[in-house]
Amino acid sequence: MAAGKGTRMKSKLPKVLHLLAGRALLKHVVDTAAELSARQVIVITGHGAAEVEAALAGKSGGAGPFDLDFVRQELQLGTGHAVQQVLPVLRDDGVVVILSGDVPLIRADTLQQLIAACAGNKLALLTIDFADPTGYGRIQRRGEAVQAIVEQKDASAEQRAINEVYSGMMALPARQLKQWLARLDRNNAQGEYYLTGIVKFAVADGVEVVAHKITDALQVAGVNSPLQLAELERACQRRTALELMEQGVRLADPARLDVRGVLQCGADVSIDVNCVFEGQVTLADDVRIGANCVISNASIGAGAVIHAFSHIEGGTPGSKDFIEVGAGSLVGPYARLRPGARLGAEVHIGNFVEVKNSSLARGAKANHLAYLGDTTVGERVNFGAGSITANYDGANKHRTVIEADVHIGSNCVLIAPLTVGAGGTVGGGSTLSKDTPPGALSVARARQVSIPNWKRPKKNK
Ligand code: UD1
Ligand code: CA
């Protein structure tokens, strides 16, 4: 169910598209359905339907492991009415699991247990005890047997005292769901078609109703406001941090880590405070990440050190924009690696150095205040402080090739397209616009003039 407006989010964006740990709320739910090996996922959209459909279809690309269908609920007449919209596309056999697009942290193993409780022929409700059950549907039992779900607004004082509530998730046979949905009415306090009304029909039809009760409130927590979203984000990040630490990753502070995607770590990885990881990031064995780094879509090789305040912003995994940092490399502090930066082993990138769409071979160094764009840098090259490649002529970008063992002095401008021959040296302050031969010293700046015994002008009286 993803038709609701999410009024309290006070946002143009449909609620279920807000991001949690870098993924849309609804995407979390759909990904969990994929983990259950669902053969069909039907998303009920309403508010912002086109946007929700586009966001999801784009990402799953039809290549998912299930059929993804969308149905629209034009008017929101209740949860029962929402589920009625799926009937035209729902198959007759099998088990249906009903989930909410704004309850993102439900776990696949919990849903497996719910499906097991359904056993192909029962109505299984996911429930939880809340000290304060206000607002939720209450699980009404006679003895142990579940009799009904009573909504807050329809509940008597006695019923409101029940602490066991319906989470909004259930599993049941498709065949039964179809029959029961047809029997719903709107005779209740809110004039809505309550999905929860089907519990009474199950009881009347002699179908067993089972409550699968869990204790982890996080799994049933919904997002209705920016505050709730932020709270779930923290909880979700804490879950990730604890998982990483269980694998042996040393986090300086599990409360100061943000993973907005997938972070894979080898052995003996350590991560200082306030780092943000986005997209797909891999840290090989013995990698150290300093404080306040932002790292997106990158693979960091064994033993590499990313010093504090570095920004590594790679593009899509598998594309040329993904970033690679070789084993034993040193990056930062204050370094910036942009899409397509590929560092070989033992490369050093120092403070205020920007690298874009460039490869640096083993042992190359650019330690201070430099820009390398569209450049191929050979082994052991030393790229001096303040030097840059001028890769853009105002209309097109061109490549610079710096062959192995070149030494580029400080404050040079290499105007692309350009090749600096192997083993060459470029004098500080040079502006090169022509290729240089291997082994040559190239100097391209005005010759120094020193006038002896120079008298400085004197101030007029
Ligand atoms: C519902 C349950 C309640 C349960 C609670 C758990 C009903 C009648 N009540 O209450 O027993 O304790 O969830 O959170 O089901 N939605 C639609 N179309 C609609 C109405 C709702 O798609 O016409 C979607 C909402 O966007 C949301 C979900 O269904 O994702 C639940 O709707 P909500 O209004 O939050 O249900 P509650 O009244 O809280
Ligand atoms: Ca709700």
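Source: prediction; values computed, not measured. Both ligands and their constituent atoms are indexed starting at 1 by order of listing.
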Which of the numbered atoms in ligand 1 are under 4.0 angstrom from any heavy atom belonging to [X]?
X: Gly137; answer: 3 (C), 4 (C), 11 (O), 12 (O)
X: Tyr194; answer: 8 (C)
X: Ser100; answer: 28 (C), 30 (O)
X: Ala82; answer: 17 (C), 18 (N), 22 (O)
X: Met1; answer: 22 (O), 24 (C), 29 (O), 30 (O)

Checklist entry - Would you say the side-chain atoms of His28 pair up with the backbone N or O of Leu20, donor to acceptor, closer than 3.5 Å? => result yes

[X] versus [Y]: any side-chain heavy-atom pair under 4.5 Å?
X: Asp321; Y: Asn297; result: no
X: Lys5; Y: Gln76; result: no
X: Asp258; Y: Glu278; result: no

The answer for which part of Ala3 has a heavy atom under 4.0 Å from ligand 1 is both

Quick check: [X] and ligand 1, any N/O pair under 3.5 Å apart?
X: Asp102; answer: yes
X: Gln73; answer: yes
X: Gly78; answer: yes
X: Thr196; answer: no
X: Ile149; answer: no
X: Gly168; answer: no
X: Gly4; answer: yes

Got a sec: does the [atom1] of [X] have more than 12 other heavy atoms crowding it under 6.0 Å?
X: Arg142; atom1: CZ; value: no
X: Arg399; atom1: CZ; value: yes
X: Arg23; atom1: CZ; value: yes

Please confirm whether Val165 approaches ligand 1 to less than 4.0 Å, judged on its heavy atoms.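 No.
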
Against ligand 1, does Ser167 come closer than 4.0 Å with any heavy atom?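 For ligand 1, residue contact (heavy atoms, under 4.0 Å) with Ser167 is present.
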
Taking only Lys NZ, Arg NE, NH1 and NH2, and the carboxylate oxygens of Asp or Glu, determine whether Arg175 and Asp93 approach each other closer than 4.0 Å.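 Salt bridge: no.
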
Heavy-atom proximity to atom 3 (C) of ligand 1 ranks first, among Gln84, Gln85, Glu151, for Glu151

Check your understanding: Side chains of Thr389 and Asn391: is there a donor and an acceptor less than 3.5 Å apart?
Key -> no

| query | Between the side chains of Arg138 and Gln152, is a donor N or O closer than 3.5 angstrom to an acceptor N or O? | reply | yes

